[in-house]
Amino acid sequence: MSRPIVAVAEAGGLGPDQVRDRVKELLARDAEVAFLRRASAGRFEAAREAAPDAVFHARSGLVVLTRPRPPVPFPVAVVSAGTADLPVAEEALQAAAAFGLSVTLTADVGVAGLHRLLAVRERLDQARVLIVAAGMDGALPSVTARLTSRPVIAVPTSVGYGSSDGGLAALAALLASGAPGLAVTGIDDGLGAAVLARRMLT
């Protein structure tokens, strides 16, 4: 059997001893990369006792438990609609980097200011895959997929107000999108988008 690509667990609700035990279990799977998600600074400290090389990304709560893999020449662009989507975008960014993908972040190019997206269109076309995080009405990934010939992985986020319903409005809009070449993850699943990009490219 081939080596697993990823080992991942959620940190939410775990005490320090449980975090240490969970991290040991993840590392024992000998995956290419191991992650702990939704971690606090305190849970990171517990994780680091079992994985001294672990790195914590506070905005997303993502802990990368293993050393980053050597970079490979497969460019991935992570795009966020607004600053409120950045925690999810950062999770995708850091996870993709841990897989060794050559990744960049383009932030705050939501369709409320379409000129901002058009201004970076040539840069985004240089990527092999785009990961696009957007809440509210989830419009950015569909528009991006129409503007580029590259595959787009859409990540609906739980950002929004009114009837956004914790990201369900963005998710429904993206699942109903007619834009070609668009794949959709679960709500706030930046890590899942990075795993999909890794599987597509390497």
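None of the values given here were measured: they were computed from a predicted structure.
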Under the side chain to side chain contact (heavy atoms under 4.5 Å, CB included) test, residues paired with [X] that sit two or more places apart:
X: A9; answer: R22, L26, L36
X: R48; answer: F44, E45
X: I153; answer: V129, I131, T185, A193, L196, A197, M200

Can you see which heavy atom on [X] is nearest to which on [Y], and at what distance?
X: G186; Y: V155; result: O-CG1, 4.1 Å
X: T66; Y: A34; result: OG1-N, 3.3 Å
X: V88; Y: A133; result: CG1-CB, 4.3 Å
X: V78; Y: A89; result: CG1-O, 3.5 Å
X: A95; Y: L191; result: CB-CD1, 3.5 Å
X: P156; Y: G167; result: CB-O, 4.4 Å

Measure the [atom1]-[atom2] distance between [X] and [Y] for me, rounded to the nearest 0.5 Å.
X: S102; Y: R128; atom1: OG; atom2: CZ; value: 11.5 Å
X: Q126; Y: T104; atom1: CD; atom2: OG1; value: 9.0 Å
X: D17; Y: E49; atom1: CG; atom2: CD; value: 9.0 Å

Are [Y] and [X] linked, directly or through intermediate hydrophobic residues, by side-chain heavy-atom contacts shorter than 4.5 Å (ILVMFWY only)?
X: L201; Y: V6; result: yes
X: L62; Y: V55; result: no
X: L86; Y: M136; result: no
X: V72; Y: V33; result: yes

With sequence neighbours excluded, give me every ring pair (Phe, Tyr, Trp, His ring centres under 6.0 Å) pair touching [range].
range: residues 166-189; result: none
range: residues 74-99; result: F35-F99
range: residues 103-145; result: none

Practice task
Please check if atom CZ in R67 has more than 12 non-hydrogen atoms from other residues, nucleotides or ligands closer than 6.0 Å.
Solution key: no

Salt bridge (charged side-chain N to carboxylate O under 4.0 Å, His left out) partners for [X], two or more places apart:
X: E32; answer: R69, R198
X: R43; answer: none
X: D21; answer: none

Practice task
With sequence neighbours excluded, give me every salt bridge (Lys or Arg N to Asp or Glu O under 4.0 Å) pair touching residues 78-99.
Solution key: R37-E91, R38-E91, R59-E90

Practice task
Using modelled atom types only, decide if a donor and an acceptor are shared between the side chain of T157 and the backbone of G135 within a distance under 3.5 Å.
Solution key: yes

Exercise for the section: Starting from L124, walk the hydrophobic network (Ile, Leu, Val, Met, Phe, Trp, Tyr; side-chain heavy atoms closer than 4.5 Å) and list everyone else you reach, by chain and number. Expected result: V79, V109, V111, L114, L117, L118, V120, L130, V132, L140, V143, L147, V152, L168, L171, L174, L175, L182, V184, I187

Problem - Of all pairs that satisfy side chain to side chain donor-acceptor pair (under 3.5 Å), the ones with a partner from residues 144-156, not counting sequence neighbours - result: D125-T148

